[in-house]
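Working notes for the structure below.
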Number of protein chains: 4
Amino acid sequence: MAKATDGDTAPVPQRLLAAATRLFAEQGYDRTSVQEIVEAAGVTKGALYHYFGSKEDLLQEVYARVLRLQQERLDAFADADAPVEQRLRDAAADVVVTTIENLDDASIFFRSMHHLSPEKNKQVRVERRRYHERFRALVEEGQHSGVFSTATPADLIVDYHFGSVHHLSTWYRPDGPLSQQEVADHLADLLLRALRP
Amino acid sequence: MAKATDGDTAPVPQRLLAAATRLFAEQGYDRTSVQEIVEAAGVTKGALYHYFGSKEDLLQEVYARVLRLQQERLDAFADADAPVEQRLRDAAADVVVTTIENLDDASIFFRSMHHLSPEKNKQVRVERRRYHERFRALVEEGQHSGVFSTATPADLIVDYHFGSVHHLSTWYRPDGPLSQQEVADHLADLLLRALRP
Amino acid sequence: MAKATDGDTAPVPQRLLAAATRLFAEQGYDRTSVQEIVEAAGVTKGALYHYFGSKEDLLQEVYARVLRLQQERLDAFADADAPVEQRLRDAAADVVVTTIENLDDASIFFRSMHHLSPEKNKQVRVERRRYHERFRALVEEGQHSGVFSTATPADLIVDYHFGSVHHLSTWYRPDGPLSQQEVADHLADLLLRALRP
Amino acid sequence: MAKATDGDTAPVPQRLLAAATRLFAEQGYDRTSVQEIVEAAGVTKGALYHYFGSKEDLLQEVYARVLRLQQERLDAFADADAPVEQRLRDAAADVVVTTIENLDDASIFFRSMHHLSPEKNKQVRVERRRYHERFRALVEEGQHSGVFSTATPADLIVDYHFGSVHHLSTWYRPDGPLSQQEVADHLADLLLRALRP
DNA sequence: TATGAATGAGAATTCATTCAT
DNA sequence: AATGAATGAATTCTCATTCAT
């Protein structure tokens with residue numbers, strides 16, 4: 001009977017997650033009440049607490065989804081069979097596109113991480129770290145093979161790039177002058193240009 | 001009689017602002033109660049509401065202070081008597097140092113702006129815009145005079161750099177391997193390298 | 001299981017309404033705190049806000065109840081099969097008795113109506129108007145058929161009578177010299193006497 | 001220098017009293033803050049507390065003024081040299097005109113009396129009683145001399161009439177179809193007609 | 001699997017009043 | 001005569017969560 005992912009007929013947990021994602025992005029985690037979420041999802045509070053242990057669990061689920069997706073894509077690009085400068089450029093551009101396509105998740109990610117309890121926060125940080133290190137490894141690979149400048153520590157370069165990705169949710173508008181792909185190309189280009197020896 | 005800026009003797013509004021800044025940065029705006037602020041400042045709630053119309057006003061005051069400071073510094077560097085690549089590098093490095101020196105304000109700025117009411121938000125955006133445009137003008141000046149590449153739109157370059165500044169509050173630690181100045185130099189360097197024709 | 005209207009066993013909304021009615025009448029709407037109401041009803045604040053959107057909603061419910069009751073009774077007397085002077089007298093006396101029997105509601109009604117928000121106030125006024133007009137129609141009927149004097153506009157006569165009803169909560173005491181019925185008969189009599197041609 | 005009673009130049013206590021009267025009538029006593037009063041009067045809180053011991057004192061002053069005025073006028077009409085039916089009619093009409101002319105005071109009087117502390121309340125009640133009794137004496141004089149019906153106790157007749165006076169603040173509008181004097185004549189007429197033997 | 005009534009702690013804000021100057 | 005900073009208690013309302021059904 002269910003056909004879409006969002007409508008009235010999607011499984012309850014998905015509907016709750018979709019509603020929570022939208023509301024957290026629009027209003028922030030603290031400003032979104034459990035009541036609003038269940039109303040938006042068309043269920044009752046009891047149902048929410050049947051599937052999720054707490055409001056915080058919902059937030060963590062949003063994170064887990066984003067992290068999983070981005071790690072998968074990074075791994076795919078990094079493991080490709082191509083010169084390192086190509087692989088870095090592709091990965092750098094892809095994370096921009098993926099982030100723009102899931103701007104809600106990104107807003108939540110960067111604005112609400114500190115709302116998680118210490119233990120859950122730690123768990124997320126560990127996964128983030130893994131992602132960061134995979135990306136850094138690409139930079140270092142290019143530095144060791146001499147195609148990238150070694151003037152800047154690789155860690156800092158990763159943070160430089162992810163700063164701009166993080167920032168997207170602040171300024172990017174779908175109806176702006178640049179398409180997703182153009183923004184991605186420009187940002188990847190800036191990264192690669194900065195890395196020229 | 002008052003000599004310090006923070007102690008028991010500083011004027012009440014300053015003490016409130018200092019306490020609020022610290023707590024907003026540590027816990028986030030929504031998670032910080034008015035009660036906590038007044039306790040930290042050693043005054044009563046009535047006193048707070050005597051000087052500030054609302055909790056939100058306190059937040060706006062923090063913003064106003066940061067914006068004023070950063071605009072002043074940018075103007076000074078941008079108006080200096082030096083080649084444009086030097087002026088851009090100095091401004092780009094200075095905003096990093098200033099941000100690190102006021103990491104609390106920066107965290108609040110980037111994480112809590114969406115907590116302001118629409119009208120106050122607009123006001124802050126207007127001032128942010130002015131700052132952004134002054135910075136962009138520097139980039140464009142270099143592009144027109146041929147010392148910077150024109151491959152990337154100036155607006156995007158400004159957002160690229162400020163993404164990394166914004167991001168500082170996420171990863172920079174005073175006890176990390178790099179000093180403030182080193183980070184600033186590296187980030188300014190990356191910007192200038194990316195702009196090489 | 002529930003048998004009384006007030007005890008520990010009555011449904012929570014009724015208990016809240018009963019407590020609020022008594023306290024609003026005794027102390028006035030503004031002087032009665034939500035805390036007092038829930039304590040008197042033996043429930044918690046959360047329960048109150050589960051059933052009523054606001055303190056004001058509670059007040060409006062009190063109004064709605066009174067208005068419904070009085071309109072029903074007026075309609076019954078006005079539509080009866082009797083000479084107009086008899087129907088007016090019965091209606092005029094009945095509203096006195098009903099008001100005395102619900103003196104709390106009446107006090108609240110006349111003293112606290114201006115505490116309602118504009119929109120709710122309007123809604124109450126509309127219902128009041130309907131009541132006023134039904135009563136006025138009775139007076140006019142008698143005037144047209146010649147049994148009542150036309151010296152005074154019917155509207156004014158209605159306000160004259162309701163002034164005295166309104167006033168009851170100021171002076172009527174159950175232990176005073178006159179019974180409810182005696183007061184009602186006297187006031188209806190005064191009205192009819194004033195209307196003699 | 002001072003020429004009006006209301007402007008910027010009137011003595012401070014008068015200005016406070018005028019501002020308080022207007023605000024109490026518009027918003028109710030409880031809804032009017034001391035801050036609003038002093039702002040409307042163009043002075044500071046300290047000044048208010050210099051002249052009045054409390055917010056309640058301000059309210060009592062408004063009462064005292066009304067009571068004094070109405071008692072004076074009633075005494076004048078009641079002591080006149082005319083037949084009792086003329087004196088009653090004049091007094092009954094005059095209180096209507098005076099009430100309409102001071103509709104703010106009247107609203108406050110009838111709506112806020114229960115806001116006074118028990119002792120002040122008692123004091124006001126005593127003066128009200130004196131007024132009521134002077135009026136009742138007029139009715140009784142007419143009843144004893146046979147020009148008024150004795151069907152209704154004099155006390156009730158006084159309350160009947162004052163109910164309608166009280167009610168004026170609910171329905172009377174200066175831009176309505178009837179002038180002050182017309183309303184006064186009609187209401188006095190109704191009273192006298194009801195008293196016909 | 002889901003409901004919805006009920007909890008209880010805590011939120012921001014208001015306000016009459018005081019008092020040193 | 002008048003100021004205005006400061007108090008502290010009270011106010012309405014919100015909300016994540018629980019639990020009997």
Side-chain angles (χ1 to χ4, degrees), chain A residues 11-13 16 29-39 41-59 115, chain B residues 11-13 15-16 29-39 41-59 115, chain C residues 11-13 15-16 29-38 41-59, chain D residues 11-13 16 29-39 41-59 115:
Chain A
V12 169
L16 283 165
Y29 176 77
D30 278 329
R31 305 257 165 136
T32 302
S33 73
V34 168
Q35 187 60 40
E36 283 176 293
I37 297 170
V38 298
E39 272 167 22
V43 302
T44 61
K45 279 193 208 174
L48 186 153
Y49 281 94
H50 182 73
Y51 291 108
F52 298 91
S54 66
K55 185 184 169 189
E56 212 193 340
D57 280 5
L58 269 173
L59 180 58
H115 289 326
Chain B
V12 169
R15 259 156 58 203
L16 283 165
Y29 176 77
D30 277 330
R31 303 262 164 131
T32 302
S33 73
V34 168
Q35 188 59 40
E36 285 175 293
I37 298 169
V38 299
E39 271 167 21
V43 301
T44 60
K45 270 190 239 184
L48 185 155
Y49 282 96
H50 183 69
Y51 291 106
F52 299 92
S54 65
K55 185 184 168 188
E56 208 193 344
D57 279 8
L58 223 35
L59 180 59
H115 289 325
Chain C
V12 170
R15 258 155 60 202
L16 283 165
Y29 175 76
D30 277 331
R31 302 264 164 131
T32 302
S33 73
V34 169
Q35 188 59 40
E36 284 176 293
I37 297 170
V38 299
V43 301
T44 60
K45 268 189 242 185
L48 185 153
Y49 282 96
H50 182 71
Y51 291 105
F52 299 91
S54 65
K55 185 183 168 189
E56 209 193 343
D57 278 8
L58 222 35
L59 179 58
Chain D
V12 169
L16 283 165
Y29 175 77
D30 279 328
R31 306 255 165 137
T32 302
S33 72
V34 169
Q35 187 61 39
E36 283 176 294
I37 298 170
V38 299
E39 270 167 23
V43 302
T44 61
K45 279 192 207 174
L48 185 153
Y49 281 94
H50 182 72
Y51 291 109
F52 299 91
S54 65
K55 185 182 168 189
E56 212 193 341
D57 279 7
L58 224 36
L59 180 58
H115 290 327

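No experiment lies behind these values; they were computed from the predicted model shown. Letters A, B, ... are given to chains in the order of the sequence lines, protein chains preceding strands, and every chain is numbered from 1.
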- line: Rounded to whole Å, CZ of Phe52(C) lies from P of dT12(F) at a distance of 16 Å
message: Tell me the interatomic distance from Ile37(C), atom CD1, to dC13(F), atom P, rounded to whole angstroms.
response: 10 Å
Distance (rounded to the nearest 0.5 Å) between Leu59(B) CG and His115(B) NE2: 8.0 Å
field: Separation of dC15(E) P from Glu56(D) CD (nearest whole Å)
entry: 18 Å
query: Taking the side chain of Ser33(D) as heavy atoms from C-beta outward, which of dT17(E), dC15(E), dT12(F) is closest to it?
result: dC15(E)
- prompt: Between CG of Leu58(D) and OH of Tyr29(D), what distance do you get to the nearest 0.5 Å?
  reply: 8.0 Å
- request: Decide yes or no on side-chain contact (heavy atoms from CB on, under 4.5 Å) for Val38(D) and Val43(D), but give the supporting numbers first.
  value: CA-CA 5 Å; Val38(D) 299; Val43(D) 302; 4.2 Å; yes
query: What is the distance from CZ of Arg31(B) to P of dA12(E), rounded to the nearest Å?
result: 13 Å
query: What is the distance, rounded to the nearest whole Å, between atom NZ of Lys55(B) and atom P of dT14(F)?
result: 16 Å
task: List the atom of Gln35(A), the atom of Lys45(A), and the distance in Å for their closest heavy-atom pair.
output: OE1-CE, 2.7 Å
- request: Using the criterion of both pairing distances under 3.5 Å for Watson-Crick and G-U wobble pairs, give all stems of 3 or more consecutive pairs involving DNA chain F.
  value: E:2-21 with F:2-21
- prompt: Quick one: side-chain hydrogen bond (donor to acceptor under 3.5 Å, both in side chains) partners of Lys55(C), sequence neighbours excluded?
  reply: none
- prompt: To the nearest Å, how far apart are Asp30(C) CG and dA10(F) P?
  reply: 17 Å
Short heteroatom pairs, N/O only, protein and nucleotides 4-8 of chain F, under 3.5 Å:
unit_1: dA5(F); atom_1: OP2; unit_2: His50(B); atom_2: NE2; d: 2.3
unit_1: dA5(F); atom_1: O5'; unit_2: His50(B); atom_2: NE2; d: 3.1
unit_1: dA5(F); atom_1: O3'; unit_2: Tyr51(B); atom_2: OH; d: 3.3
unit_1: dA6(F); atom_1: OP2; unit_2: Tyr51(B); atom_2: OH; d: 2.1
unit_1: dT7(F); atom_1: OP2; unit_2: Thr44(B); atom_2: N; d: 3.4
unit_1: dT7(F); atom_1: OP2; unit_2: Thr44(B); atom_2: OG1; d: 2.7
unit_1: dT7(F); atom_1: O5'; unit_2: Thr44(B); atom_2: OG1; d: 3.4

query: Can you tell me if the side-chain N/O atoms of Tyr49(B) get under 4.0 Å from OP1 or OP2 in dT14(E)?
result: no
task: Using atom CD of Gln35(B) as one end and atom C1' of dA9(E) as the other, report the distance to the nearest whole Å.
output: 14 Å
query: Does some side-chain heavy atom of Pro13(D) sit less than 4.5 Å from a side-chain heavy atom of Leu16(D)?
result: no
query: Rounded to the Å, how far apart are Asp57(C) CG and dT12(F) P?
result: 14 Å
